[in-house]
Student: 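Structure provided below as structure tokens; questions to follow.
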Amino acid sequence: MKEKVAIVGAGFTSLRPVSPEASFRELIFEAAVRAYEDAGLTPQDVDSFVSIGEDYQDGTCIMDEYTPDQLGAVQRPVHTISGDGVAGLGVAWMLIQTGQFRVVVLEGHSKASNVRHPAHVEAMALDPSFARVHGWHPSFVAGLEMRRYLHETGTTEEQVARVAVKNKYNALKNPIAAYPARLSAEQVLGSRPVAEPLRELEMAPTADGAFVFVLAAGSELERCQGRPVFVDSVAWISDTCNLPTRDWSRAVYTEKAAAQAYQLARIREPQSAFSFAEIDDTFAYKELQHLEALGLAERGAAGRRVEEGFFDADGPLPVNVSGGALGCGHLFEANPLRGLLEAVLQLRGQAGPRQVPRARRGLICSWRSVPTATGGVAVLSRRK
Amino acid sequence: MDVKLRGTALREDDFRSGKVLAAEWRGKIDYRWDAGVAIGQFLNALKEGRLLGRKCHGCGRTTIPPRMFCEKCFRRSDEWVVLKDTGRVNTFSVSFVNWDASRRTTPQVPAVIEIDGASPGMGILHLIGDVGTTLEEVLAKVRVGLPVQAVWKPPEQRQGEITDILHFRPL
Amino acid sequence: MQKVAVLGAGMTRFVRRSLETGRELCWEAASAALEDAGLTLEDIDCVVLTSAPDAFDGVHMKTEYLLDGAGAKGKPMVRPYVGGGSGVMAANAGWYHVASGRFRTCLVVAEERMSPTQPHPQGAFNAIYDQFTERPLGVNLLWIFSLEMMRYMQVYDIPLETIAKVAVKNKRNALGHPASQLGAELTVEEVLKSEVMAYPVMRLMVSPVTDGAVALVLANEKFARRKGRKHVWVEGVGWALDTSYWTNRDLCYPEYVEKAALAAYKMAGITNPREEIHVAEPYDPFAYKELHHLEGLQLADKGQAPRLLEQGFWDRDTTTGIPASPSGGLLGVGNPIAAAALMKVAEIYWQLSGKAGERQVRRNVKRGLAQAWGDLMQVGTVIILGV
């Protein structure tokens, strides 16, 4: 009999373009203290700890070394996953399902501001023999994909710009967001081209911050304080990042992850299943591409629906009511943890001015950014 | 294991002689890390010629390098403590190899040095100097338990870095 | 909790510089493991793909780049990355993928390609140290090992000659390993006379920079029983990570290995490891480390592993002791960081299946363990297999 898995504690710091006053250790400690307090637990109550991250995003070889202290996890079972927040959530979920670990902590953070030449780090992820040799700014990958996506779906550049407008506007109501703004589509379309048709205001700027979540098995809920939010399913898929052989218009990894996540959560009609969705928008066009891959819009129709306000904060299906990465900041692997936090707050009814009425089930969709074709999908719901 | 093993060994020469094709890349992989509260203070104090520790009232440990939270008690640490700049060698080594695996003619002597004023066992990594230029000389002068003293750069040369201490020498 | 079996294993040759790219190395190991298990990629539900520092292959987010070779295209793939401990952690992660019931089968692949780093792979390790308090000193990977070795020798009064014997034992054991390029008959004198790297570490006590890959296939009980043969099961897993403040710890004893081992023993129902573990593959990147780890694993009292070595207790052909590193270990086979530890797991699998050929231990073995270490003397990862 499968054990239920719930998030019983959520801790975070605010997200800021720079955070010179605190080291990464200090940021994570702050988030961890909040998470334990929220859960009514201490590190001694935790059976296993999972951290997500990538060496080059922190500037340390084997970042795993610097994970245990600020979580209270010294000499405990801690391991690091080089993957995003959904993969980390999946690992935490699996650990609990083995029956050997009843309470598991998940941590992710960003100190993106400390990377002096982010484009070089990003370029380092390109195939060294065939892709990196050109010396192009790695955003070219997103530019190519956006061009093909627009071409195949008939989505317009204005519709893409509206995603940026929507998300940055939503961020105005999120106290932890780094880049809230009231923009017009014209401003977005008039912003500097980076890798045409991709423009600067359609790219999420980076931010710093930390998240810690405490998860528990259903049988442990009585001793936890935080209002549980159930993780109904988690799926993650890696597709090839090989440029010449990939699908340039569809997010196939999201289609596959969604299929697994929906099947496990017994969702047959995704279009009516969710109260809200936090969907990767590292680049504005990605939100549209992901919406279609998730089956939340027909193929080619996502752009039109955004234009119609369907995915606005007060629309039928609010997407990125947190502000998304465009409004909150690009946090590298921790992006989906921002979405996860939003999901927890919404499902507990703690989202204040952003609260989606009668929120009962939410969706998270992630992507590991250029040049990957890897991402995940998670379904969360509140206690029935 | 019955399966045939594959994997082709190359030699360094195969690259230089052009026998195999290779691509090279050098990127600007630089960082500017936020020191934060604890290390920020620590580095400032180094500029002033002092070693700082941090005390936790929960477990009573005075730690160096200092940290704003005690990783044992999982609570905020409580007070700054000015430590001495002397200590004892907990362990040491005599290295004839550089970071890039090239040979050195004179050794470096890295050591973990337990700093006086901090709790027992609280060591920092640093170098021992003025102890000779051959393995034999160093082994005659350095041992586990040796009392040592920091040798500082002159104040005007200090940058607020761990290298404001040039090395430690035997007391 | 689902029972998890090891259905097959495969590996590449371990060489100093491979012609094969990282993807190709993954493919060679993964396809060999599938062939050994009698399966195809269609049977595989998920992949655990590990590799240690991205700096070696010179590709950021390197498993994204490698995954095609590891059969992970279009599949769920997770990369656990705990430094040198990654190879055993990958097997442990494969275990939780299947034991959770989420997946029926898992392909575990560990790859390392160190040769691309210029001027020398050793340099990539400088960034493991703290950027504020340590890196500016001109640090070197060797330091942390030589400092620990010195401490271990001092506290327990261990002669250099005894430590040299680990290198002799493992390089001799490796003569029987088809993937090895380093098997040799050495004498203690040759080891002690080899050039001083960072005293007390001498060249022949250090495992070399290597390229290579290893893979395992894991499956749940229902799936495994379809295959009909006698299986090797995962009986226990454990892992633990110590504080990053390594200079605040006494390095003479690896507490993190003890914690990981105790967790694995508990899961396996083992109360007397010295009786119940019949063969061991402790992580041996440096000669002294094998002894250090055997003590952490509770297979010898603190400071006693060297004495037992002198008595032949850890020899491969012992019938009264516990053979340690019958594969030849990292010292004898090579050290492609993440792949090396998975090689040790594979060795236990081969020993328990009676497939270790020339390296088959003499005593009867029903249970064995593999252990890896990583980070700044911090990570212990342990897996126990049994028949």
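Proteins come first, then strands; the chains are lettered A, B, ... in the order of their sequence lines, and each starts at number 1.
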Student: Taking only residues two or more places apart in sequence or in another chain, which ones pass side chain to side chain contact (heavy atoms under 4.5 Å, CB included) with A/Met124?
Tutor: A/Tyr56, A/Arg132, B/Trp25, B/Ile29, C/His60

Student: Side chain from CB out, backbone as N, CA, C, O: work out which of these in A/Glu333 comes under 4.5 Å of a heavy atom of chain C, or both, or neither.
Tutor: side chain

Student: Any chance the rings of A/Tyr66 and C/Trp246 have centres within less than 6.0 Å?
Tutor: no

Student: Taking all atoms of both residues into account, what is the closest heavy-atom pair of A/Pro68 and C/Thr243, and its distance?
Tutor: CG-CA, 4.4 Å

Student: What I'd like to find out is whether the side chain of A/Arg76 reaches to under 4.5 Å of the side chain of C/Tyr256, using heavy atoms alone.
Tutor: no

Student: Looking at A/Trp236, is C/Arg79 sitting on its ring face, NZ or CZ under 6.0 Å from the six-membered ring centre and within 45 degrees of the normal?
Tutor: no

Student: Between NE2 of A/His79 and OG of C/Ser86, what distance do you get to the nearest 0.5 Å?
Tutor: 10.0 Å

Student: For chain C, which candidate among A/Ala87, A/Ser129, A/Pro128 shows the most heavy-atom pairs at distances under 4.5 Å?
Tutor: A/Pro128

Student: Measuring heavy-atom distances to chain A, does C/Phe132 have an atom under 4.5 Å in its side chain, in its backbone, in both, or in neither?
Tutor: neither

Student: Decide, yes or no, whether a salt bridge links C/Arg23 with A/Asp127 under the criterion of side-chain N to carboxylate O below 4.0 Å.
Tutor: yes

Student: Decide if atom NZ of A/Lys4 counts as having more than 12 heavy atoms of other residues, nucleotides or ligands within a radius under 6.0 Å.
Tutor: no

Student: Atom CD of A/Gln97 and atom CE of C/Met1: how far apart are they, to the nearest 0.5 Å?
Tutor: 13.0 Å

Student: Which answer fits A/Arg25, side chain, backbone, both or neither, if we ask what part of it has an atom under 4.5 Å from a heavy atom of chain C?
Tutor: side chain

Student: Could you have a look at A/Ile96, A/Val74, A/Leu126 and say which one has the most heavy-atom pairs with chain C under 4.5 angstrom?
Tutor: A/Val74

Student: How long is the straight-line distance from SG of A/Cys241 back to CE of C/Met61, given to the nearest 0.5 Å?
Tutor: 9.0 Å

Student: For chain C, find which of A/Thr245, A/Asp239, A/Thr67, A/Asp69 contributes the most heavy-atom pairs closer than 4.5 angstrom.
Tutor: A/Asp69

Student: How about A/Asn242 and C/Tyr65: does a side-chain donor come under 3.5 Å of a side-chain acceptor?
Tutor: no

Student: Checking C/Asp130 against chain A: side chain, backbone, both or neither under 4.5 Å from a heavy atom?
Tutor: both

Student: Measure C/Lys259 against the heavy atoms of chain A and call it side chain, backbone, both or neither at under 4.5 Å.
Tutor: side chain

Student: Relative to chain A, which segment of C/Ala72 carries a heavy atom at a distance below 4.5 Å: side chain, backbone, both, or neither?
Tutor: backbone

Student: Looking only at heavy atoms, which two atoms of A/Cys61 and C/Ala124 are closest? And how far apart?
Tutor: SG-O, 3.5 Å

Student: Would you mind telling me which of C/Gly101, C/Ala260, C/Gly83, C/Gly58 has the largest number of heavy-atom pairs within less than 4.5 Å of chain A?
Tutor: C/Gly58

Student: Quick check on A/Leu264 against chain C: is it the side chain, the backbone, both or neither that has a heavy atom closer than 4.5 Å?
Tutor: side chain

Student: What parts of residues 375-382 of chain C touch chain A if we use heavy atoms and a cut-off under 4.5 Å?
Tutor: C/Asp375, C/Leu376, C/Gln378, C/Val379

Student: Go through the atoms of C/Asp68 and report whether side chain, backbone, both or neither lie under 4.5 Å from a heavy atom of chain A.
Tutor: side chain

Student: So which of C/Trp95, C/Tyr129, C/Tyr245 has the largest heavy-atom pair count under 4.5 angstrom toward chain A?
Tutor: C/Tyr245

Student: So, does C/Tyr81 use its side chain to make a donor-acceptor pair with the main chain of A/Ile62 at under 3.5 Å?
Tutor: yes

Student: Do C/Arg102 and A/Trp93 touch side chain to side chain, with heavy atoms closer than 4.5 Å?
Tutor: yes

Student: Can you name the closest pair of heavy atoms from C/Pro76 and A/Gln260 and give their distance?
Tutor: CG-NE2, 4.0 Å

Student: Rounded to the nearest 0.5 Å, what separates atom CD in C/Glu64 from atom OG1 in A/Thr372?
Tutor: 5.0 Å

Student: Just give me the residue among C/Glu258, C/His97, C/Gln2 that pairs up with chain A most often, heavy atom to heavy atom, under 4.5 Å.
Tutor: C/His97

Student: Using non-hydrogen atoms only, which part of A/Val234 is less than 4.5 Å away from chain C: side chain, backbone, both, or neither?
Tutor: backbone

Student: So which heavy atom on C/Leu67 is nearest to which on A/Ser238, and how close?
Tutor: CD2-CB, 3.5 Å

Student: Between A/Glu65 and C/Ser244, what is the shortest heavy-atom contact and its length?
Tutor: O-CB, 3.2 Å

Student: Side chains of A/Phe49 and C/Leu241: does their closest heavy-atom pair fall under 4.5 Å?
Tutor: no

Student: Do you know which of A/Thr98, A/Thr60, A/Ile81 has the most heavy-atom pairs with chain C at a distance under 4.5 angstrom?
Tutor: A/Thr98

Student: Tell me, for A/Ala73 versus chain C, whether the close heavy atoms (under 4.5 Å) come from the side chain, the backbone, both or neither.
Tutor: backbone

